[in-house]
Amino acid sequence: MSDTPSDALRLPSIDGLLAFEAAARLGSLERAAEALHVSASAVGKRIATLEERLGQPLLTRHPLRLTAAGKEYLGQVQTALSLLAAVPLHRRDHQRVTRLGISSPPTFARQVLVPALPGFQAAHPDIELELLLSTPYLDQPAPPADVEIFAGAMPAGGEVLLDDVVTPMAAPALLARLPAIHAPADLASAPLLRTPLQPWTPWLRAAGLDWAEPAQGTRFIDLGLTLEAAACGQGVVLGRPSLAATWLRGGTLKRLFDLAVPAALPYGLVRHHDGDAARAFSRWLVRHCETLSADAGHA
């Protein structure tokens, strides 16, 4: 009875072939072991098993050199390993990276998003964010993005990020130059920083003051610049504790009163592409803003 194909073949293990090829190519068991991430002893045992399977030596050990049969076999093994390596299913997939475009107003990006990005990147190394700044307050459309962060009315399908409050804040250096401020009416002696993005009128009315909007001084079309101006001692800002958290914690700005009113423009988020990456980013940012709001309430 003739041998079956399986009986006639003396197929070695892939581990044995890899050990032999690495040792022959690198010239030592130790270097082969480093390349294969195993011990030199394991490399030697795999080669010995391969030689036993083939019924002849492939390498001399002291020094390590190819035998005549080993030289011939090495070329054949390298060809076979190259063919096996070319099979797509034999290759470990490179980590697939999904690029996600995010557009955001400047102040939100600088004060809320950017400081927290390391936490998102650590949790989602497979998502590469591309952050773009938008200037919607100047009636310019936001740049095309998968996820848009905005300030204003909530569109259909949008999610609230920061629907927070505003309250007067000032730099200690400014307060030291002014008459003591104990009550809202004492702000009559203080310069009030102005921005059309956050009018003073709602807070003034809540404080029982019928003053008009500030009409003098620089007009800031950016909430972050208004906070920067306040931190420089240029005036009192009607600011959001969530956006001013860094200045408040560092003592650069100080809240003047407990009285606060809702911010004029809540921050929200809308997904223009509803893929897994966009949903993961949205969930992360909503949770981060919830934590930020809770912390700001105790600032």
Side-chain angles (χ1 to χ4, degrees), residues 104-115 133 135-138 149-152 160-268 289 291-299:
S104 171
T107 302
F108 187 95
R110 292 189 180 97
Q111 303 304 128
V112 177
L113 184 54
V114 170
L133 294 181
T135 53
Y137 310 127
L138 301 180
I149 299 167
F150 62 91
V160 174
L161 293 175
L162 290 174
D163 190 6
D164 48 357
V165 298
V166 291
T167 189
M169 306 173 188
L174 174 67
L175 298 176
R177 300 196 303 266
L178 298 174
I181 296 178
H182 298 297
D186 296 332
L187 290 176
S189 63
L192 303 183
L193 298 176
R194 59 185 185 136
T195 172
L197 308 179
Q198 183 54 65
W200 275 88
T201 298
W203 187 88
L204 293 172
R205 298 298 177 267
L209 302 173
D210 61 356
W211 303 350
E213 281 291 320
Q216 295 182 342
T218 302
R219 188 169 178 263
F220 296 96
I221 316 296
D222 181 271
L223 295 178
L225 291 178
T226 314
L227 289 167
E228 287 280 4
C232 292
Q234 296 178 20
V236 178
V237 64
L238 192 61
R240 306 183 189 211
S242 58
L243 298 183
T246 301
W247 288 289
L248 291 170
R249 285 195 300 267
T252 309
L253 289 177
K254 176 183 176 183
R255 289 182 64 161
L256 302 184
F257 311 106
D258 290 334
L259 177 64
V261 299
L265 301 172
Y267 281 108
C289 288
T291 301
L292 185 65
S293 295
D295 292 343
H298 296 91

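What you see is a predicted model, and the numbers here were worked out from it, not measured in a lab. FYI, side chains are in, hydrogens and waters are out, and symmetry mates aren't considered; it's all heavy atoms of this structure.
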### Message
Can you tell me how far apart CZ (R240) and CD (Q111) are? Round to the nearest 0.5 Å.
### Response
12.0 Å
### Query
How far apart are the C-alpha atoms of M169 and V236, what are their side-chain angles, what is the distance that settles it, and do they pass the side-chain contact (heavy atoms from CB on, under 4.5 Å) test?
CA-CA 6 Å; M169 306 173 188; V236 178; 5.9 Å; no
### Task
Considering non-hydrogen atoms only, spot the tightest contact between V112 and C289 and give its length.
CG1-SG, 4.2 Å
### Task
Over all heavy atoms of both residues, which pair between D222 and T195 is shortest? Give the atoms and the distance, please.
N-OG1, 4.4 Å
#### Entry: Distance, nearest 0.5 Å, that separates CG of L162 from OH of Y267
8.0 Å
### Task
Mind running side-chain contact (heavy atoms from CB on, under 4.5 Å) on T167 and L259 for me, showing each step along the way?
CA-CA 6 Å; T167 189; L259 177 64; 5.5 Å; no
### Task
For residues L243 and L227, determine if any side-chain heavy atom of one lies less than 4.5 Å from a side-chain heavy atom of the other.
yes
### Task
Would you give the length of the straight line joining atom CG of L225 to atom CZ of F220, rounded to the nearest 0.5 angstrom?
7.0 Å
### Task
List the steps and the verdict of side-chain contact (heavy atoms from CB on, under 4.5 Å) for F257 and I181.
CA-CA 10 Å; F257 311 106; I181 296 178; 3.6 Å; yes
### Task
Check whether any side-chain heavy atom of R110 sits under 4.5 Å from a side-chain heavy atom of L133, and report yes or no.
yes
### R194 side chain to P199 backbone, donor-acceptor under 3.5 Å
no
### Task
Could you tell me which non-hydrogen atom of L265 sits nearest to which non-hydrogen atom of L197, and how far apart they are?
CD1-O, 4.1 Å
### Message
Taking CZ in R205 as the centre, count heavy atoms belonging to other residues, nucleotides or ligands within less than 6.0 Å. Is the count above 12?
### Response
yes
### Query
How many angstroms lie between CG in L174 and NZ in K254, if you round to the nearest 0.5 Å?
11.5 Å
### Heavy-atom pair of closest approach, residues S104 and A109
OG-N, 3.4 Å
### Task
Start with the C-alpha gap between L113 and I149, add the side-chain angles, then the distance that decides, and say whether side-chain contact (heavy atoms from CB on, under 4.5 Å) holds.
CA-CA 10 Å; L113 184 54; I149 299 167; 4.1 Å; yes
### Query
Do you know which two heavy atoms are closest between A207 and P184, and how far apart they sit?
CB-CB, 3.8 Å
### Query
Any luck finding a side-chain donor-acceptor pair between D164 and S242 under 3.5 Å?
yes
### Task
Could you grab the distance from atom CG of D186 to atom CG of L178, nearest 0.5 Å is fine?
10.5 Å
## Note on the structure
Rounding to 0.5 Å, atoms CG (L192) and CG (L238) come to a distance of 9.0 Å
#### Entry: Residue pair A180 / H182: nearest heavy atoms and the distance that separates them
CB-NE2, 3.4 Å
### Query
So, do F108 and L161 sit near enough that their side-chain heavy atoms are less than 4.5 Å apart?
yes
### Task
Compare all side-chain heavy atoms of P241 with those of R255 and state whether any distance is below 4.5 angstrom.
yes
### Message
Quick check: do W211 and L187 have side-chain heavy atoms less than 4.5 Å from each other?
### Response
yes
### Task
State whether the side chain of R219 and the backbone N or O of L193 hold a donor-acceptor pair below 3.5 Å, judged by distance alone.
no
### Message
So L209 and W200, do their side chains get closer than 4.5 Å, heavy atoms only?
### Response
no
